[in-house]
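Counting starts at 1 for both ligands and their atoms, following the listed order. If you're wondering where the values come from, they're calculated on a predicted model, not measured in any experiment.
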Amino acid sequence: MKQHEWLQSRAASRTQLYIDGFWCAGEGGKRLPVVNPSTEETIAEVEAGNAADVDCAVRAAARAFRTWKKTSGAQRAVLLRAIARGVNDRREHLAALQSLNNGKPLDEARIDVSDVVATFEYYAGLAEQLDEIGESAVAIPSDEYRATIRREAAGVVALIVPWNFPMVTTAWKLAPALAAGCTVVLKPSEITPLPELELASIISDAGVPRGVLNVVTGTGPEVGAPLAAHPLVAKVSFTGSTAVGTQVMKTAADTIKGVSLELGGKSSIIVFADADLDLATDLVAGGAFFNAGQMCSATSRVLVERPIADALAARLADRVTRTVVGDPFKPGVQMGPLTSRAQYERVQRYIARGKADGARLVIEGEAPAGSGYFVKPTMFVDMPAESPLWREEIFGPVLCLRSFDTEDEAIGAANDTEFGLVATVVTRDAGRGRRVADELEAGVVWINAPQAIFPQTSWGGYKRSSIGRELGPFGLAAFQEIKQVLVPAGSLAGPERGHGA
Ligand code: NAD
């Protein structure tokens, strides 16, 4: 059996809904095809859930919450570490499943799996600390009262995720939600549900009690919308497009739910004339072509200081034309297909528009012809600033360069967008690096660094890119409520409850 066939047979092993600890068919009796973007073949069919399935899953999560919220942080940490081990044990299978369903090269998929393991381990550590933090006394200007603050699990949470880094975006929500003591209904993207279904299987094997995690596959309107609207859901954590995020926020407003949103981006990389050109070339190419450019954090706007603009463009042109696009399972392939036909068509429209919009130079790489959603990596030099390619999120392997003359001009151009997710600065001058980072309206700034993300730090942006932050302690706080308890001093007798989350 060839690798692809073996994977396809294994991929199809988890295709049902996971509700209250059981794998089950949906109420509506409909199924959705899952496509391999490298071949355009259907590799599995998953349940197309509906509002009745969502209701069933939310009620299961609400029942499980009564006991799960009373577990100690240490108990939850044991399970989070077991999940991390389970993911690590099935590392190669998960990476291959991610490549098969999303189209990213196997080496990139392996990075995703490592990120998932690190995220569950990190939040296991934070869960353990919760027991120590427990309830903390607050200094108040009164001897009459004793005030304490404690953090509690928010309740049943809805996690809605996209298709570009399926397991990673899920882990960034799921690990802190479980660590906090929340129970979960997860809605994977209908385009890439297979990695999450496998993750749910690992979580079930790890011994997480029934109802704590529920997974409902299906479309946005049929599963995502009723989930965001459900009155028993306390909070929605959403990653996806700005248009759908706006809709989710409006829906959540009807029942005053908390929302965390991780949305689109249109980020810049600023290359100053003193930069190491080899490093700058690597950082620009990585920021634009990793995951075939399907990154909310893509630094697809390149702002380059005029004296080195032609030299950088020449190096990038060479990189673009030498990028190996093809089967994500083939060694040496640097870029796979886009993940869906819709995304392929959207990016092709942008490239056609870019050619019409009058860039000084257009450089195209190679991509396989025939079946598969393969797109040529493409670079536009001196793209007019009013072009949609300069202003809108493309979500594909398309890079636009513009030159600048002063630091202020570069900062102004980078901030001239409705988004504010990330930015990269390339310079040898420490003072300038810090100065520019201070001025950029972005949630993450990398200086001379690739887009490395550690779970201990933070993720999210300014303006229309985000509401809230994921990762770090912020990611945990997003799934917690705060409760203060005020008692007249000496008014209670008997032993007090011990600390515990
Ligand atoms: P999308 O908004 O189309 O879909 C995201 C999820 O929302 C999917 O699961 C979808 O089924 C669901 N959904 C669709 N309609 C819904 C509705 N009415 N109510 C509730 N849920 C609904 O996004 P996508 O195309 O899957 O992903 C690409 C987008 O995600 C890009 O804009 C990208 O920038 C963004 N993204 C952001 C981050 C970040 O961290 N900021 C990370 C990854 C992706």
Side-chain angles (χ1 to χ4, degrees), residues 32 34 46 48-51 54 101-102 104 112 115 158-173 185-193 195-196 215-230 233 236-254 257 259-267 290-300 338-347 392-396 417-422 442-444 451 453 458-471 474-475 478:
L32 289 173
V34 182
V46 297
N50 63 18
V54 167
N101 197 173
N102 165 284
K104 63 182 72 190
D112 288 3
D115 189 308
L159 311 184
I160 303 177
V161 296
W163 44 260
N164 59 334
F165 290 90
M167 279 193 301
V168 174
T169 42
T170 294
W172 288 7
K173 298 178 189 307
V185 180
L186 167 68
K187 185 226 166 297
S189 164
E190 56 272 46
I191 296 165
T192 53
E196 265 95 348
V215 184
V216 184
T217 50
T219 65
E222 288 190 85
V223 175
L227 184 54
H230 201 293
V233 168
V236 186
S237 179
F238 172 86
T239 299
S241 62
T242 304
V244 176
T246 308
Q247 197 53 50
V248 165
M249 198 169 169
K250 285 181 180 161
T251 304
D254 288 339
K257 290 183 199 342
V259 288
S260 292
L261 303 176
E262 286 301 336
L263 309 175
K266 188 68 186 176
S267 302
F290 194 79
N291 206 24
Q294 299 168 118
M295 294 190 291
C296 51
S297 60
T299 40
S300 57
L338 298 198
T339 304
S340 70
R341 170 156 292 281
Q343 193 58 24
Y344 169 84
E345 287 171 356
R346 182 183 143 92
V347 174
E392 297 171 13
E393 182 178 51
I394 300 173
F395 229 56
T417 160
E418 63 195 25
F419 297 112
L421 192 56
V422 305
V444 180
Q451 294 199 1
I453 302 163
S458 68
W459 185 254
Y462 286 39
K463 301 194 271 189
R464 294 193 195 174
S465 284
S466 305
I467 291 188
R469 289 291 183 274
E470 296 196 316
L471 297 182
F474 322 102

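No side-chain N or O of K173 forms a donor-acceptor pair with one of S260 less than 3.5 Å apart.
Pocket lining of ligand 1, defined as residues with a non-hydrogen atom under 4.0 Å away: I160, V161, P162, W163, N164, K187, P188, S189, E190, G220, G224, A225, F238, T239, G240, S241, V244, V248, E262, L263, G264, C296, E393, F395, L421, W459.
Side-chain atoms of T339 come within 3.5 Å of backbone N or O of N102 as a donor-acceptor pair. Judged purely by atom type and a 3.5 angstrom limit, S465 uses its side chain to pair as donor or acceptor with the backbone of G264.
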Return all side-chain donor-acceptor pairs below 3.5 angstrom for residues 160-172, not counting sequence neighbours, or 'none' if the list is empty.
{"unit_1": "N164", "atom_1": "ND2", "unit_2": "Q294", "atom_2": "O", "d": "3.1"}
{"unit_1": "T169", "atom_1": "OG1", "unit_2": "F165", "atom_2": "O", "d": "3.0"}
{"unit_1": "T169", "atom_1": "OG1", "unit_2": "P166", "atom_2": "O", "d": "3.3"}
{"unit_1": "T170", "atom_1": "OG1", "unit_2": "P166", "atom_2": "O", "d": "3.0"}
{"unit_1": "T170", "atom_1": "OG1", "unit_2": "E196", "atom_2": "OE2", "d": "2.5"}
{"unit_1": "W172", "atom_1": "NE1", "unit_2": "D115", "atom_2": "OD1", "d": "3.0"}

Which pairs would a plain distance check flag for residues 215-230, meaning a side-chain donor or acceptor within less than 3.5 Å of a matching protein atom at least two apart in sequence or in another chain?
{"unit_1": "T217", "atom_1": "OG1", "unit_2": "E47", "atom_2": "O", "d": "2.7"}
{"unit_1": "T219", "atom_1": "OG1", "unit_2": "E222", "atom_2": "N", "d": "3.2"}
{"unit_1": "H230", "atom_1": "ND1", "unit_2": "L232", "atom_2": "N", "d": "3.0"}
{"unit_1": "H230", "atom_1": "NE2", "unit_2": "D55", "atom_2": "OD1", "d": "2.7"}

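Contacts of K104 classified as salt bridge (charged side-chain N to carboxylate O under 4.0 Å, His left out), with partners at least two apart in sequence or in another chain: D112.
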